[in-house]
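Atoms considered below: every heavy atom in the structure, side chains included; atoms not considered: hydrogens, waters and symmetry mates.
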Amino acid sequence: MATTSKTSWADDVDELEQPRLPKIEETVDENGVRTTIEYTVNDEGKKVKVTRKIKRVLQKAVVEHAVAERKTWAKFGKEKGNKPGPDRATTTVGENVTLKLTAGNKATEPEPSEDQNIKANLAKAGAGKVTCRLCKGDHFTAKCPYKDSLAGLDGAETPPIGDEDGLGVAEAAAPVPAGPSTGGKYVPPSMRAGAGARPGEAMGRPGGNRDDLPTLRVTNVSEDTSDNDLRELFGSFGRVVRVYIGRDRETGIGKGYAFVSFEEKAVAEKAMAKVHGMGYDNLILNCQWSQPREAR
DNA sequence: GTTGAGCGA
């Protein structure tokens, strides 16, 4: 339905655009107060006059030379002949956005979002630090130097399952106390507190972890040597507790070294003497005592 | 060339 006499949509544009263009007068007085008076037409078609006074706080201007120099350039195009600086009627001055290049993005996170703040506050107690659950030192529990002596002293007592009837477990518990709970998990008797010895010792084996075992570092191992090969080789001297072959994590190819842990130091010593310098898979094996990983 | 993986608050 044609209701207008317009011949071109461009007329519409003219009529719409014309009144919208705000007229702005701008003055700056001797105190540095900038006054802008803006005339616009609002939605109801009424003329509106908006006066803004902006007081600039004077500060020692630190301006880059190149920037200062640019200000004096003659304007061109529609701004030709205008005074220096941006004309607020035509130009919006936004905030400076600076791009910072840093190595990694963790150290200079700009401003934590709100929920990050909440999380940070929740974590305040620990303040991002690690506290040993056994000795309260600032290392992980697993690395606690006292973990052998303190392990099992933590936590609340939990009655054993099936003790609701008051019979059974509690009665039989006299000789071997249930000991501190480990969170409902089964704990073999040898591992329970009060068992007297540490797990390995109960079996007549020294030490609880690999760093207590007499361990040889074997280097110049060919890359297709398997831990079974080494078990066979070293097993002839005595019990081999553990064999580890250093491999590339991605490819799984041997990196040429291995660790062999024995039960007895004397056996390890003998094995070292025999194997060191021994030819194996076209290479000559090299055997030395291994330093515990942490000691290095 | 050659001294171990992984778990975690």
With clusters defined by side-chain heavy atoms of hydrophobic residues (ILVMFWY) lying less than 4.5 Å apart, directly or transitively, does Met278(A) cluster with Leu283(A)? no
How close or far is atom P of dG1(B) from atom OH of Tyr257(A), stated in whole angstroms? 16 Å
Rounded distance (Å) that lies between atom C1' of dT2(B) and atom OH of Tyr280(A): 17 Å
Of Ser261(A) and Thr141(A), whose nearest nucleotide on DNA chain B comes first from the 5' end? Ser261(A)
Please report, rounded to the nearest Å, how far the C1' atom of dA9(B) is from the CG atom of Leu134(A). 13 Å
Taking the inter-plane angle between the rings of Phe237(A) and Phe234(A) on a 0 to 90° scale, is it parallel (under 30°), tilted (30 to 60°) or perpendicular (over 60°)? tilted
Just the rounded figure in Å: distance from P of dG1(B) to CD of Glu223(A). 15 Å
From the list dT3(B), dA9(B), dA5(B), which nucleotide is the closest neighbour of the side chain of Phe259(A)? dT3(B)
Arg242(A) CZ - dA5(B) P separation (whole Å): 10 Å
Centroid distance below 5.5 Å plus an interplanar angle below 30 degrees: do Phe140(A) and dA9(B) meet both conditions? no
Working to the nearest 0.5 Å, report the span between CZ of Phe140(A) and CG of Leu134(A). 13.5 Å
Can you tell me the distance, in whole Å, between the CZ atom of Arg217(A) and the C1' atom of dT3(B)? 6 Å
Minimum heavy-atom distance between Thr225(A) and Arg247(A), given as atom pair plus value: O-NH2, 4.2 Å
Would one find more than 12 heavy atoms of other residues, nucleotides or ligands at under 6.0 Å from atom CZ of Arg242(A)? yes
If you take any heavy atom closer than 4.0 Å to DNA chain B, which residues from residues 247-255 of chain A end up in contact? Arg249(A), Lys255(A)
note: Gln291(A), atom CD; dG4(B), atom P; distance rounded to Å ~ 12 Å
Return the value, rounded to whole Å, for the distance between atom CG of Leu283(A) and atom P of dG1(B). 13 Å
Nucleotide nearest Asn220(A) (side chain, heavy atoms from C-beta), chosen from dA9(B), dT2(B), dG4(B): dT2(B)
Does one hydrophobic cluster hold both Tyr244(A) and Trp289(A), with members joined at side-chain heavy-atom distances below 4.5 Å? no
What's the base orientation of dG4(B): syn (chi within 90° of 0) or anti? syn
Can you find a heavy atom in the side chain of Val240(A) that is under 4.5 Å from one in the side chain of Phe262(A)? yes
Please pick, from dC7(B), dT3(B), dG4(B), the nucleotide with the shortest atom-to-atom distance to any side-chain atom of Ala142(A). dC7(B)
